[in-house]
Amino acid sequence: MEKEQWNQVLDAPFVQGFVRMTKDGFDQGWHERNGGNLSYRMKPEEVECVREHFAAQDWKSIGVSVPALANEYFLMTGSGKYFRNVVLDPEANICIIEVDGSGEACRILWGMKDGGRPTSELPSHLMNLEVKKKIDENYRVVYHAHTPNITALTFVLPLSDEVFTRELWEMVTECSVVFPAGVGVVPLMVPGSMELAVETSKRMQVYDLAIWAHHGIFAAGFDFDSTFGLVHTAEKAAEILVKVLSMAPGKRQTIQPEELRMLANDFSIELPERFLYRKHW
Ligand code: 2HA
Ligand code: ZN
């Protein structure tokens with residue numbers, strides 16, 4: 001393939017896809033103030049297409065060690081920046097960073113033109129991009145959003161993977177097909193902390209979705225569409241459950257475990273049996 005050069009970084013399709021996702025997330029109501037963050041592990045050919053626009057700043061410690069991401073490049077939202085503003089002025093609100101050869105430091109190469117740092121959730125983003133890359137090289141996107149219905153459920157449901165997975169699967173027939181591995185739940189932790197990064201990365205060994213109690217959701221995927229779609233689907237299911245719980249003390253009828261097994265069979269997916277437990281209510 002002939003190497004394309006973009007006159008400006010903003011012309012590159014991966015940057016446009018990134019900006020579109022920040023706008024979509026804001027339009028959904030998931031990014032009040034500076035809430036949420038997004039990162040994308042760039043492909044080598046994408047790096048080459050924009051490299052001429054790089055101006056390297058000083059190396060800074062990442063706070064975690066991500067050797068499997070050494071010498072890789074990432075597009076990400078800035079710390080304290082508002083998703084709402086990204087589409088108006090991407091260069092002031094997002095940045096391209098490079099991870100050094102040891103996986104312990106990074107530097108800004110483009111963006112954050114008025115100053116600033118990469119996302120406050122940098123440890124979670126890089127640690128989880130590393131976990132996912134080791135599972136499958138195609139994972140490139142990590143997204144954190146303040147989804148209100150998912151968060152509301154963390155006040156009323158037990159904080160267990162089994163309960164959250166099963167309840168979300170029951171709310172929309174597509175859910176088990178969209179996230180057949182289920183969802184993980186991380187108890188309340190300090191935003192931006194190492195502890196939150198580590199606990200999330202344990203869930204990301206198994207799932208593409210982790211719910212952060214009383215905070216929001218964290219997702220990983222191959223591209224912007226599928227990662228956004230994952231969060232959109234889980235949040236929609238949570239919204240329906242919130243409505244149901246607001247209308248009546250319990251469900252009159254629901255999707256039963258046998259029906260989930262039938263669905264899995266028809267869609268040729270496997271659903272872990274630990275989520276298909278018998279309920280006693
Ligand atoms: O402000 O959402 O979790 C960014 C965040 C931190
Ligand atoms: Zn957050």
Side-chain angles (χ1 to χ4, degrees), residues 18-41 60-64 66 74-90 92-97 106 108 111-112 114-132 141-155 159 164 183-204 207-221 224 227-228 230-232 234-235 238-239:
F18 184 102
V19 170
R20 179 184 171 209
M21 184 152 157
T22 61
K23 181 178 186 319
D24 286 348
F26 176 75
D27 290 346
Q28 289 295 326
W30 302 340
H31 299 284
E32 76 294 337
R33 204 170 177 278
N34 62 324
N37 19 75
L38 175 63
S39 59
Y40 172 71
R41 184 167 61 85
K60 299 258 167 63
S61 168
I62 296 170
V64 293
V66 285
F74 304 83
L75 179 61
M76 54 178 57
T77 47
S79 178
K81 300 298 180 187
Y82 292 23
F83 267 48
R84 184 172 162 252
N85 292 335
V86 172
V87 68
L88 297 178
D89 193 356
N93 294 287
I94 65 178
C95 55
I96 291 175
I97 65 160
C106 68
I108 295 177
M112 307 300 288
D114 305 324
R117 291 175 285 116
T119 170
S120 62
E121 298 288 0
L122 187 67
S124 278
H125 279 252
L126 290 183
M127 196 180 269
N128 285 290
L129 282 162
E130 184 184 49
V131 164
K132 287 306 204 181
V141 181
V142 156
Y143 179 41
H144 163 55
H146 293 177
T147 41
N149 293 286
I150 287 281
T151 304
L153 291 178
T154 66
F155 292 88
L159 298 177
F164 267 83
V183 300
V185 184
V186 179
L188 179 66
M189 285 179 186
V190 177
S193 66
M194 270 287 298
E195 191 188 23
L196 178 58
V198 170
E199 287 305 312
T200 305
S201 69
K202 290 181 195 162
R203 299 341 184 256
M204 285 287 138
Y207 313 111
D208 286 341
L209 282 171
I211 290 166
W212 289 354
H214 318 325
H215 184 163
I217 199 162
F218 188 94
F224 299 122
T227 313
F228 188 83
L230 198 54
V231 170
H232 207 180
E235 171 63 5
E239 181 180 353

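Atoms within each ligand, like the ligands themselves, are counted from 1 in listed order. Note that these values count all heavy atoms, side chains included, but never hydrogens, waters or copies made by symmetry.
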When you pair each N or O of ligand 1 with protein N or O atoms, which pairs come out under 3.5 Å?
unit_1: ligand 1; atom_1: 1 (O); unit_2: N34; atom_2: O; d: 3.0
unit_1: ligand 1; atom_1: 1 (O); unit_2: N34; atom_2: ND2; d: 3.3
unit_1: ligand 1; atom_1: 2 (O); unit_2: G36; atom_2: N; d: 2.8
unit_1: ligand 1; atom_1: 2 (O); unit_2: H144; atom_2: NE2; d: 3.2
unit_1: ligand 1; atom_1: 2 (O); unit_2: H146; atom_2: NE2; d: 2.9
unit_1: ligand 1; atom_1: 3 (O); unit_2: E121; atom_2: OE2; d: 2.5
unit_1: ligand 1; atom_1: 3 (O); unit_2: H144; atom_2: NE2; d: 3.2
unit_1: ligand 1; atom_1: 3 (O); unit_2: H215; atom_2: NE2; d: 3.0

Quick one: name the protein N/O/S atoms under 2.8 Å from the Zn ion (ligand 2), chain by chain. H144 NE2, H146 NE2, H215 NE2
Return yes if some donor-acceptor pair links the side-chain N/O of D89 with the main-chain N/O of N85 below 3.5 Å, else return no. no
Hey, is the main chain of E32 close enough, under 3.5 Å, to the side chain of R84 for a donor-acceptor pair? no
Check side-chain contact (heavy atoms from CB on, under 4.5 Å) between R117 and all other residues, then give those that pass, not counting sequence neighbours. S79
I want to know whether H232 and Y143 have ring centres closer than 6.0 Å. no
Return yes if some donor-acceptor pair links the side-chain N/O of S124 with the main-chain N/O of E121 below 3.5 Å, else return no. no
Do the side chain of K132 and the main chain of M204 share a donor and acceptor less than 3.5 angstrom apart? yes
N/O donor to acceptor pairs below 3.5 angstrom from side-chain atoms of residues 211-218, sequence neighbours left out:
unit_1: W212; atom_1: NE1; unit_2: T200; atom_2: OG1; d: 3.0
unit_1: H214; atom_1: ND1; unit_2: T154; atom_2: OG1; d: 3.1
unit_1: H215; atom_1: NE2; unit_2: H144; atom_2: NE2; d: 3.0
unit_1: H215; atom_1: NE2; unit_2: H146; atom_2: NE2; d: 3.1

Can you confirm if the aromatic rings of F26 and Y82 lie within a centre distance of less than 6.0 Å? no
Has the side chain of T119 got a donor or acceptor atom that lies under 3.5 Å from a matching backbone atom of T77? no
